[in-house]
A.B. asks: 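The structure's right below; bear with me while I get my questions together.
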Amino acid sequence: MMPDLLVHGLYIAYVLGFLLGLATIFTWVERKQSAVMADRIGANRAYLRIPFTQVKLVWWGLFHGIADGLKMIFKENFTPATYDRFCYNLAPWLASVPVLLVFAVVPFGGEVTPGRFFEPGSAAAEFFGDRSWRMQIAALDAGILFVLAISGVGILGTMLAGWSSNNKFSMLGAARAASQMISYEVAMGLALIAVVVTYGTVDLNDMVLWQQQAAWGILVQPVAFLLFLTASIAENKRIPFDLPECESELISGYFTEYTSMKMGLFLLSEFIEIVVISALVVTLFLGGYTLPFLRPEGFVLPGGATWELSHFAVVVLQVLTFTAKVFVVGCFQIGIRWTLPRFRYDQLMDLGWKFLLPLAALNLVVTAVVRWWTL
Amino acid sequence: MSGRPAKKQYWNEPELGLWERLYIFEIVRGLSITGGVFFRNMWKWVTGRKGALTAYYPEEVRADYSPNNRGRHVLTQRPDGKVQCVACNMCATACPAYCIEIEAAIDPTDGAHPKSPARFEIDYSRCIFCGFCVEACPEDAIRMVKDTPDLPGFDRDVMWGRKDLLMLWHPLADPRKRYPPAPEPTTEVREP
């Protein structure tokens with residue numbers, strides 16, 4: 001009981017720090033990467049001054065995220081004259097909490113046996129015993145179903161935000177967001193079913209282990225990878241799918257009437273969602289926390305050569321591998337965002353219903369047939 | 001009601017082949033263009049060179065500034081280091097942006113130039129860099145040089161060009177405009 005509490009408390013603290021920290025870093029990456037892609041320098045003026053000295057730490061503009069957050073927190077909480085008080089205040093939470101919740105089932109490391117970190121016979125080793133935990137907040141059997149169910153709740157926050165603001169721009173943005181997210185959720189679900197058929201499980205950790213045994217999902221299911229990535233970027237409402245927020249027509253879409261940290265929650269949840277989408281892509285298609293040839297006892301190369309590693313080193317290596325993969329996929333998403341122009345709304349719907357959905361269905365049929373013959 | 005209206009034809013209607021219509025390959029092409037630029041610039045940054053076309057504004061003077069660029073004012077000096085300005089207020093009168101403020105001071109020991117500015121300030125948040133002050137000056141006391149004022153800061157105080165900042169000019173550094181000859185010394189000293 002007590003070891004369980006301790007381990008899961010540590011997991012939750014780590015995951016919250018991981019999500020928020022990486023989301024903040026991605027705001028910096030977005031600024032800097034877009035700048036470098038466009039022959040610019042990028043934001044580099046915010047600094048931390050070491051107290052009582054004139055030493056200013058700039059660190060390539062890394063502190064602009066902190067400056068943004070402080071600005072959001074200290075701004076006046078302006079609200080429209082007529083609005084639905086309850087829904088208006090609920091909406092940012094409904095938009096941001098599901099994004100955080102989805103990560104609960106994502107494994108960010110393999111099995112960990114904390115008792116093996118300590119000297120055998122010491123008090124800490126006695127406390128943890130021989131038990132091992134999966135590095136996952138909630139080791140659910142129904143992992144992928146949980147992901148789909150919870151990410152669907154995010155639509156409610158968007159719709160409520162637009163409706164309760166009592167503003168036509170917000171309403172339009174919310175209507176667009178709702179139809180877009182529902183359309184792309186269908187394609188995403190179908191793409192994921194093909195993945196489930198391939199792996200033969202809905203448990204995310206088992207999927208990672210399957211990929212370690214056989215091959216990475218991107219090699220087995222390349223079409224599902226593309227479909228899932230496209231649909232998730234559309235779910236996240238970022239360019240090229242940012243119709244709900246498009247600044248040029250709808251001011252800021254469904255969160256036009258939000259100010260201060262309420263708007264900050266919408267913006268932050270967008271960046272947290274980049275991290276979550278990257279984590280899902282990594283888990284489903286890029287081998288999750290595993291490295292090639294990395295086994296729980298160390299590196300086992302195909303020639304028979306082995307490089308023994310301690311349990312602690314393996315755990316740290318797995319966590320770092322996961323973080324690095326998530327970072328790279330997130331940078332790729334930001335690259336897409338700064339490369340592609342936006343869709344027109346009818347093109348968006350055409351792409352969703354007439355291209356992605358049939359492709360996902362076809363992919364599912366082909367996968368099912370192949371699976372039938374190879375099973 | 002005859003169904004959908006006829007689609008409007010534009011003169012620059014893009015002609016897409018099957019390859020472009022498949023979209024995914026064009027995405028890959030676009031990503032490789034932006035990614036190529038990214039990695040090329042990143043390699044420059046990593047190897048200690050500058051991977052951007054833009055300039056750091058106040059720290060770096062752009063290489064393509066004209067030698068005649070009128071970016072910042074300087075107050076010229078006499079050989080003894082005193083300011084050449086006699087606080088006649090003609091530049092402030094000529095200024096179309098009303099951004100020059102001069103407060104005069106008197107030095108009775110200097111018979112040739114008893115009047116000088118105690119305070120000479122240019123509000124760079126208003127200045128339009130027209131150069132009229134330079135043309136209006138009868139004493140060649142104000143000139144404009146190539147570099148730019150150091151404007152960015154955290155309050156509006158930095159937007160004021162003060163006298164000590166404006167007196168950074170050294171006559172030897174400006175060979176195209178000769179330094180005015182030293183005035184004849186006068187013996188007469190007027191009492192205030």
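Residue numbering restarts at 1 for every chain, and letters A, B, ... go by the order of the sequence lines.
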A.B. asks: So, taking the atom named OH in Tyr23(B) and the one named CD in Gln347(A), what distance separates them when rounded to the nearest 0.5 Å?
C.D. replies: 8.0 Å
A.B. asks: Determine whether a donor-acceptor pair (N or O, by modelled atom type, separation under 3.5 Å) exists between the side chain of Asp39(A) and the backbone of Leu53(B).
C.D. replies: no
A.B. asks: Taking everything shown except Arg29(B) itself, do over 12 heavy atoms lie less than 6.0 Å from its CZ?
C.D. replies: no
A.B. asks: Using heavy-atom distances under 4.5 Å, tell me whether Ile24(B) contacts chain A through its side chain, its backbone, both, or neither.
C.D. replies: side chain
A.B. asks: Taking every heavy-atom pair that is under 4.5 Å apart, which of Ile33(B), Val37(B), Leu31(B) has the most such pairs with chain A?
C.D. replies: Leu31(B)
A.B. asks: For Phe132(B), look at atom CZ and say whether over 12 heavy atoms of other residues, nucleotides or ligands are found less than 6.0 Å away.
C.D. replies: no
A.B. asks: For the residue pair Phe38(B) and Phe332(A), is the inter-centroid distance of their aromatic rings smaller than 6.0 Å?
C.D. replies: no
A.B. asks: Could you go step by step and tell me if Trp45(B) and Val36(A) meet the side-chain contact (heavy atoms from CB on, under 4.5 Å) rule?
C.D. replies: CA-CA 9 Å; Trp45(B) 285 118; Val36(A) 175; 4.2 Å; yes
A.B. asks: Of all heavy-atom pairs between Arg40(A) and Thr54(B), which one has the smallest distance, and what is that distance?
C.D. replies: CA-OG1, 3.7 Å
A.B. asks: Is the NZ atom of Lys50(B) crowded by more than 12 outside heavy atoms at less than 6.0 Å?
C.D. replies: yes
A.B. asks: Highest number of heavy-atom pairs under 4.5 Å with chain B: which of Phe355(A), Trp338(A), Phe343(A)?
C.D. replies: Phe343(A)
A.B. asks: Which bit of Phe39(B) is near chain A, if near means a heavy-atom gap under 4.5 Å: side chain, backbone, both or neither?
C.D. replies: neither
A.B. asks: About how many Å separate CE of Met37(A) and CE of Met42(B), when rounded to the nearest 0.5 Å?
C.D. replies: 12.5 Å
A.B. asks: Can you tell me if Arg126(B) has over 12 outside heavy atoms packed within less than 6.0 Å of its CZ?
C.D. replies: no
A.B. asks: Side chain, backbone, both or neither: which part of Ile41(A) has a non-hydrogen atom closer than 4.5 Å to chain B?
C.D. replies: both
A.B. asks: Checking heavy atoms, do the side chain of Ile336(A), its backbone, both or neither come under 4.5 Å from chain B?
C.D. replies: both
